[in-house]
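Atoms considered below: every heavy atom in the structure, side chains included; atoms not considered: hydrogens, waters and symmetry mates. Here is how names work: the chains are called A, B, and so on, in the same order as the sequence lines, proteins then strands, and each is numbered from 1.
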There are 2 protein chains.
Amino acid sequence: MADADPRPQRDAARTRAAILHAAQQAFSTKGYTDTGVREITAAAGVNPALVSRYFGSKEKLYEAALSALLDARVVLGFPRDQFGEAVVRMLLAPAPQQRNPLPMMLLASADPTARAITDRLLTELFLEPLAAWYGPVRGAEKAACFSLLASGLTLYRQVYPLAALDGALSDETRAWLVQAFQSLID
Amino acid sequence: MADADPRPQRDAARTRAAILHAAQQAFSTKGYTDTGVREITAAAGVNPALVSRYFGSKEKLYEAALSALLDARVVLGFPRDQFGEAVVRMLLAPAPQQRNPLPMMLLASADPTARAITDRLLTELFLEPLAAWYGPVRGAEKAACFSLLASGLTLYRQVYPLAALDGALSDETRAWLVQAFQSLID
DNA sequence: CGCTTAAGTAAACAGCGGTATACATATCAT
DNA sequence: ATGATATGTATACCGCTGTTTACTTAAGCG
């Protein structure tokens with residue numbers, strides 16, 4: 001037998017992280033309203049009451065789960081002359097789905113509370129930095145068009161899988177996507 | 001005073017239609033799970049029990065509401081050489097929101113039952129006819145890309161309004177959209 | 001008119017949701 | 001070791017949801 005695990009059985013930080021991770025997974029799959037607190041905590045192997053203890057409420061847990069995932073920096077680092085190619089490669093990568101904030105955002109559009117939170121976080125953490133990156137001329141519109149494309153693609157590949165977009169895309173379709181993203185810059 | 005309304009106070013067809021209309025409106029705004037039967041029937045001015053009588057269940061009501069809205073023919077009639085322009089004009093029109101099935105579909109992605117219904121109806125009533133219209137070479141992929149663009153645009157204009165896409169778009173952004181749709185054909 | 005039937009209502013049921021309370025136990029400094 | 005405290009659990013509460021049941025009333029035909 002291996003040595004006993006030296007870590008204590010009770011670890012607040014670890015438990016909190018487990019809940020957060022389970023919440024991201026569940027919210028990304030079933031949305032805000034259709035995900036229950038009992039379901040999240042069962043996946044994390046803990047008691048439902050711990051959501052209130054560590055996050056205050058289901059709503060606050062959602063906010064924490066989404067903001068931990070939203071980060072515009074991945075996109076801002078791409079080279080401008082090959083921006084479309086880089087973005088498409090990222091979006092089409094055999095993605096660790098649980099690390100992609102888009103499904104969560106797309107699925108959370110229904111409930112008013114979740115919608116308000118999502119709207120605020122999307123704007124602050126993603127759209128505004130991206131708009132600044134695009135520059136002063138129509139930067140906000142370009143950022144919105146970027147989100148539009150990325151969300152649509154993610155919607156029909158991860159959230160709502162369409163057979164036609166499953167697996168590897170044809171070269172032509174891939175080129176169409178690259179061109180659409182790139183022409184936002186040129 | 002005007003003459004009394006000759007229509008009877010009780011009219012099954014009219015009541016059923018009122019429920020259906022209220023359901024389309026509510027589902028398009030708050031999604032499947034977050035819309036209650038009581039809420040729908042209150043908007044229609046009738047008793048909640050009538051949903052069971054006229055549609056069987058909330059789930060069946062959702063199916064009826066969505067399928068009454070889904071119709072690929074509006075797109076199939078557009079001229080191919082000005083397809084992008086026609087589509088964008090349609091999507092950007094000061095739309096009677098309640099007649100657009102897209103918000104309903106986008107918001108219903110969460111609940112498993114609603115998702116299954118939406119998936120089936122979208123494929124049968126829209127994607128397959130559109131794929132046939134595009135033709136045998138990558139028709140299905142093209143139809144999926146069309147949905148991707150249209151859904152993304154609708155998402156950030158009607159479901160999840162972004163300030164940058166509000167109202168009239170700039171000529172450049174509009175041209176970008178037209179080009180994206182048109183290049184699916186050329 | 002009278003009376004059968006369709007149309008609509010009111011109320012309750014059973015289940016589930018998020019959350020708060022009261023309780024148990026592992027951890028760690030003293 | 002031992003007690004104080006952080007950590008985790010069990011359970012109950014209350015409000016809401018879709019649906020069913022029993023009942024009421026309008027419509028329309030003979």
(request) Look at the side chain of Asp34(B) and the backbone N and O of Asp111(A), then say whether any donor-acceptor pair between them is shorter than 3.5 Å. (result)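 Present.
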
(message) Using a strict heavy-atom distance below 4.0 Å, which residues from residues 39-55 of chain A are in contact with DNA chain C?
(response)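 Ala49(A), Ser52(A) - these, ordered by number, are the residues of the stretch whose heavy atoms sit under 4.0 Å from the strand.
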
(message) Under 6.0 Å from the ring centre and within 45 degrees of the ring axis: does the NZ or CZ of Lys60(A) meet both conditions for the six-membered ring of Tyr54(A)?
(response)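 Because its charged atom misses either the 6.0 Å distance or the 45° angle limit, Lys60(A) does not stack over Tyr54(A).
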
(message) Under a 3.5 Å threshold, yes or no: a donor from one side chain and an acceptor from the other, between Glu141(B) and Thr173(A)?
(response)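 There is such a pair (donor and acceptor under 3.5 Å, judged by atom type) between the side chains of Glu141(B) and Thr173(A).
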
(message) Regarding Ser57(B) and Tyr62(B), do their side chains bring together a donor and an acceptor under 3.5 Å, going by distance alone?
(response)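 No, Tyr62(B) and Ser57(B) have no side-chain donor paired with an acceptor closer than 3.5 Å.
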
Without decimals, in angstroms, what is the distance between [X] [atom1] and [N] [atom2]?
{"X": "Ile19(A)", "N": "dT19(C)", "atom1": "CD1", "atom2": "C1'", "value": "14 Å"}
{"X": "Arg16(A)", "N": "dT7(D)", "atom1": "CZ", "atom2": "P", "value": "12 Å"}
{"X": "Arg38(B)", "N": "dT20(D)", "atom1": "CZ", "atom2": "P", "value": "13 Å"}
{"X": "Asp111(A)", "N": "dT17(D)", "atom1": "CG", "atom2": "C1'", "value": "15 Å"}
{"X": "Asp11(A)", "N": "dG8(D)", "atom1": "CG", "atom2": "P", "value": "8 Å"}
{"X": "Leu61(B)", "N": "dG18(D)", "atom1": "CG", "atom2": "P", "value": "11 Å"}
{"X": "Lys58(A)", "N": "dC16(C)", "atom1": "NZ", "atom2": "P", "value": "15 Å"}
{"X": "Asp34(B)", "N": "dG18(D)", "atom1": "CG", "atom2": "C1'", "value": "15 Å"}

(request) Enter the distance from Leu153(A):CG to Ser147(B):OG here, rounded to the nearest 0.5 Å. (result)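 Leu153(A) atom CG to Ser147(B) atom OG measures 12.5 Å (nearest 0.5 Å).
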
(message) Measuring from atom CZ of Arg138(B) to atom OG of Ser170(A), what distance do you get when rounded to the nearest 0.5 angstrom?
(response)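 OG of Ser170(A) is found 4.0 Å from CZ of Arg138(B).
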
(message) So that I know where these two stand, are Phe181(B) and Phe83(B) an aromatic pair - ring centroids less than 6.0 Å apart?
(response)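 No, too far apart.
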
(request) Check every atom of dT27(C), dA7(C), dT19(C) against the side chain of Arg10(A) and return the nucleotide holding the closest atom. (result)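 Within the option list, the nearest is dT27(C).
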
(message) Can you identify which nucleotide, out of dG8(C), dG8(D), dA26(C), has its nearest atom closest to the Gln9(A) side chain?
(response)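 The answer is dA26(C), which lies nearest to the side chain.
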
(request) Just report the end-to-end axis angle for the helix from dC1(C)-dG30(D) to dT30(C)-dA1(D), five pairs per end, to 10 degrees. (result)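 End-to-end axis angle for the helix from dC1(C)-dG30(D) to dT30(C)-dA1(D): 0°, rounded to 10°.
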
(request) Sequence neighbours left out, what passes ring pair (Phe, Tyr, Trp, His ring centres under 6.0 Å) with Trp176(A)? Give chain and number order. (result)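 Partners of Trp176(A) under the ring pair (Phe, Tyr, Trp, His ring centres under 6.0 Å) test: none.
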
(request) Give Thr33(A) one of three labels, base, sugar-phosphate or nothing, depending on what nucleic acid heavy atoms sit under 4.0 Å from its own. (result)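 No contact.
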
(message) Between Thr15(A) and dT7(D), is there a contact of a side-chain N or O with OP1 or OP2 at under 4.0 Å?
(response)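 For dT7(D), neither OP1 nor OP2 has a side-chain N or O of Thr15(A) closer than 4.0 Å.
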
(request) Return the orientation label for the Phe126(B) and Phe146(B) ring planes: parallel under 30°, perpendicular over 60°, tilted otherwise. (result)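 Judged by the thresholds at 30° and 60°, the geometry between Phe126(B) and Phe146(B) is tilted.
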
